[in-house]
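Have a look at the structure below, then the notes.
Sequence lines set the chain letters: A, B, ... in the order given, protein chains first and strands last, and positions in each chain run from 1.
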Number of protein chains: 4
Amino acid sequence: MARTASTIDEPVRQRLLSVATRLFAERGFEGTSVQEIVAAAGVTKGAMYHYFDSKDDLLREIYGRVLRMQMERLNRFAEGDSPIEERLHAAALDVVVTTVENLDDSKIFFRSNHQLAPDTRKVVRAERRRYHERFRELVTEGQRSGIFRADIPAEMAVDFFFGSVHHLGTWYHPEGELSGQEVGRYFADLLLASLRPEAK
Amino acid sequence: MARTASTIDEPVRQRLLSVATRLFAERGFEGTSVQEIVAAAGVTKGAMYHYFDSKDDLLREIYGRVLRMQMERLNRFAEGDSPIEERLHAAALDVVVTTVENLDDSKIFFRSNHQLAPDTRKVVRAERRRYHERFRELVTEGQRSGIFRADIPAEMAVDFFFGSVHHLGTWYHPEGELSGQEVGRYFADLLLASLRPEAK
Amino acid sequence: MARTASTIDEPVRQRLLSVATRLFAERGFEGTSVQEIVAAAGVTKGAMYHYFDSKDDLLREIYGRVLRMQMERLNRFAEGDSPIEERLHAAALDVVVTTVENLDDSKIFFRSNHQLAPDTRKVVRAERRRYHERFRELVTEGQRSGIFRADIPAEMAVDFFFGSVHHLGTWYHPEGELSGQEVGRYFADLLLASLRPEAK
Amino acid sequence: MARTASTIDEPVRQRLLSVATRLFAERGFEGTSVQEIVAAAGVTKGAMYHYFDSKDDLLREIYGRVLRMQMERLNRFAEGDSPIEERLHAAALDVVVTTVENLDDSKIFFRSNHQLAPDTRKVVRAERRRYHERFRELVTEGQRSGIFRADIPAEMAVDFFFGSVHHLGTWYHPEGELSGQEVGRYFADLLLASLRPEAK
DNA sequence: AATGAATGAGGGTTCATTCAT
DNA sequence: AATGAATGAACCCTCATTCAT
């Protein structure tokens with residue numbers, strides 16, 4: 001018997017996470033009540049507090065999931081042995097595609113950051129920074145080998161690029177005319193173009 | 001006689017706006033209570049509700065102020081008669097500089113958007129779209145005259161650029177080593193570079 | 001130059017009373033804010049507090065007006081020299097007609113009684129009682145002369161009748177098919193009928 | 001085991017209803033705060049909002065209880081097979097007795113009607129109308145068989161009677177010299193008397 | 001593993017009233 | 001005679017969380 005996700009028999013913990021992700025993305029973390037989450041998940045409050053310490057804990061879990069996935073994928077792309085411009089293009093394209101495929105996570109990530117407890121926030125930011133640095137290494141690698149222009153700090157180019165990616169959540173619509181692949185290609189092209197050395 | 005924001009003799013309405021802007025940026029809209037706002041402004045709740053219809057109204061006012069300022073500045077830069085690449089560079093640099101100078105407004109803008117009442121939201125988004133379109137016209141103008149590459153939709157390039165700008169609030173720190181001018185120059189350079197036609 | 005009631009040049013005090021009467025009848029005393037009253041009257045709060053001590057004072061004035069009017073009219077009818085059954089019938093008819101003509105006053109009277117300050121309330125109830133007693137005297141006069149049945153206390157018959165009258169506000173509609181006169185006649189007939197001595 | 005109202009061991013929900021009924025009757029719906037209700041019931045606000053959706057919901061429940069009880073009793077009396085004048089007399093007496101026994105409910109009913117949310121109000125008024133119509137049928141039945149005078153609309157006679165009943169709350173005191181039974185008999189007698197055909 | 005009654009603090013908002021002008 | 005800014009208390013309600021079961 002086939003079943004869609006979020007059906008009644010999906011493990012409660014997982015169902016709570018899915019539902020919370022959707023609601024946090026739609027209404028924001030503060031705008032979503034625990035009552036709404038458990039109602040949408042079809043369980044009671046007690047059940048939620050059995051699996052999670054608090055509402056903050058739910059958010060923390062969602063963050064963790066996203067961070068782990070992104071880091072794994074980036075590493076896979078970075079470690080290849082094709083030319084640097086191809087690896088960077090592929091990694092850039094991939095981060096756009098996965099962001100678009102998990103748009104709810106992305107929305108939560110860049111909107112609810114300040115709601116995290118200070119400690120959690122520190123952990124999240126540290127992991128985020130590692131991710132950023134890994135990506136930046138790709139740029140510096142290209143700069144060192146003369147493939148990318150070096151008159152703009154790698155950090156700046158990376159911030160420039162990720163700003164764009166993180167903001168996908170505010171304008172990209174899955175039903176729109178552009179697929180994630182297409183946006184990804186454009187974004188990766190723009191990144192690579194901006195790093196091309198100035199024509200003499 | 002110039003005065004810093006939030007001094008005791010600043011008109012109550014203005015003081016409420018300044019304080020609310022700061023707090024919304026720091027803690028988010030939902031994370032800031034009316035009580036905290038009025039306490040920080042040194043007035044009572046009644047005073048706040050004398051000048052504003054609601055907490056939402058406060059947010060609405062802040063939004064309006066930002067929108068008006070940005071639109072005015074963009075128009076000034078767009079209407080010049082220097083070459084298109086210079087006008088776009090100048091406009092791009094300016095939007096970064098003003099964003100950095102009003103970083104609180106920017107943080108609020110891209111984090112609390114979904115908290116607005118549906119009607120207000122529609123108004124804000126419409127005005128936002130107009131701003132976007134005005135900027136895009138600069139890009140298409142350059143594309144038509146062959147100065148900018150035309151194989152990437154202008155819309156995409158603009159979304160790419162503004163994503164970066166809007167995310168300044170998440171990483172830029174006024175006390176950091178880069179001035180708004182410097183970041184603005186880098187960002188504008190990156191934008192222009194990404195629009196350069198492919199080298200043959 | 002002809003002028004309708006409640007126009008801008010009607011004395012402020014009078015306009016406040018009219019407006020408050022209408023609003024109190026529509027929404028109840030507690031359900032009407034001072035702000036709504038002054039807005040509807042086209043003046044400011046300060047103006048209202050210039051003419052009236054408080055919101056309670058407004059209600060007190062409305063009560064006073066009704067009480068005075070009803071007492072005057074009753075006296076006029078009671079003092080006639082036609083047969084007692086005719087005088088009672090006329091008085092009963094008149095109280096229905098005037099109640100219907102001032103339905104807002106009536107609604108306020110029997111719905112907002114408990115909102116009055118204890119002292120005012122005592123005064124109002126005393127005056128009300130005097131009115132009641134005056135009416136009752138008509139009944140006892142008829143009982144003494146054998147025209148009305150005496151096996152039911154006059155007080156009871158009067159309470160019975162006035163209960164009906166006071167409840168007109170909950171069901172009578174000026175635009176309905178019955179005029180105040182018609183309802184008055186029916187009510188007066190019913191009162192007289194209920195006082196007729198039992199047939200042997 | 002019989003228990004008096006408002007004892008500490010009475011279920012919370014029931015205790016809230018009893019207390020609210022008493023307070024609404026004493027001070028009116030708008031004049032009673034939720035804080036006062038929960039304090040009198042010895043619970044916290046949270047507990048109240050666990051059982052009732054809102055303060056309005058509390059009022060709605062009280063209304064529902066009264067309406068159901070009155071309708072049941074009326075049906076019992078109306079369905080008997082004694083002569084119509086006896087059935088009407090018994091029903092009239094009963095409605096007075098039960099009104100007096102639940103005087104708080106009655107006070108609330110005819111004073112707070114306009115405080116109900118429009119939807120609830122519609123429901124309540126419809127049920128009220130059905131009750132009224134059931135009672136009126138008794139009168140028309142008597143008119144058709146010539147027992148009651150037919151020159152006064154049944155509707156009018158019923159409004160006349162119920163006006164009196166509904167106003168019991170404004171003057172009847174349980175500690176007074178008249179029992180509910182006595183008032184009921186007088187009121188029923190007056191009703192029947194007013195319906196007696198005119199003597200020739 | 002899960003319930004649901006109950007808590008208590010705090011949420012945004014309304015209000016009658018005051019007072020300097 | 002009238003303004004309107006400002007007060008401060010009270011309003012209804014929501015919330016994340018706890019706990020006995």
Tell me: [atom1] of [X] to [atom2] of [N], nearest whole Å?
X: E30(B); N: dG12(E); atom1: CD; atom2: P; answer: 9 Å
X: L16(A); N: dA1(E); atom1: CG; atom2: C1'; answer: 13 Å
X: R13(A); N: dA2(E); atom1: CZ; atom2: P; answer: 13 Å
X: M48(A); N: dG4(E); atom1: CE; atom2: P; answer: 16 Å

From CA spacing to verdict: salt bridge (Lys or Arg N to Asp or Glu O under 4.0 Å), E30(C), K55(C) = CA-CA 10 Å; E30(C) 304 255 50; K55(C) 192 185 168 192; 5.2 Å; no
Report the residue (D53(C) or V43(D)) whose heavy-atom-nearest nucleotide on DNA chain E is the more 5′ of the two.
->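 Its nearest nucleotide being more 5', the pick is V43(D).
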How do E36(A) and T44(C) order along DNA chain F: which one's closest nucleotide is nearer the 5' end?
-> T44(C)
Start at the 5' end of DNA chain F and walk down; is the nucleotide closest to F29(D) or to V12(B) reached first?
-> V12(B)
Could R68(C) and Y63(C) be counted as a cation-pi pair, given that NZ or CZ must be under 6.0 Å from the ring centre and within 45° of the axis?
->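 R68(C) over Y63(C) ring: no.
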For Y51(A), report the nucleic acid contact type (base, sugar-phosphate, nothing); a contact means any heavy atom under 4.0 Å.
-> sugar-phosphate
With both pairing distances under 3.5 angstrom for Watson-Crick or G-U wobble, and | for a partner in another strand, the correct string for DNA chain F is .||||||||||||||||||||
Record whether the side chain of K45(C) comes under 3.5 Å of the base of dT17(E) through a donor-acceptor pair of N or O atoms.
-> yes
From CZ (R121(C)) to CG (D119(C)), nearest 0.5 Å = 11.5 Å
Check the angle between the aromatic planes of F110(D) and H166(D) and answer parallel, tilted or perpendicular using the 30° and 60° thresholds.
-> parallel
So do F29(D) and I108(D) actually touch side chain to side chain, heavy atoms under 4.5 Å?
-> no
R27(D) side chain to T32(D) main-chain N or O, any donor-acceptor pair under 3.5 Å?
->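 Judged by distance alone, no pair lies under 3.5 Å.
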OP1 or OP2 of dA6(E) under 4.0 Å from side-chain N/O of H50(D) =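 The answer is no; no side-chain N or O of H50(D) sits under 4.0 Å from OP1 or OP2.
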Between dT17(F) and Y49(A), is there an OP1 or OP2 to side-chain N/O distance shorter than 4.0 Å?
->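 It does, given that an N or O in the side chain of Y49(A) lies less than 4.0 Å from OP1 or OP2 of dT17(F).
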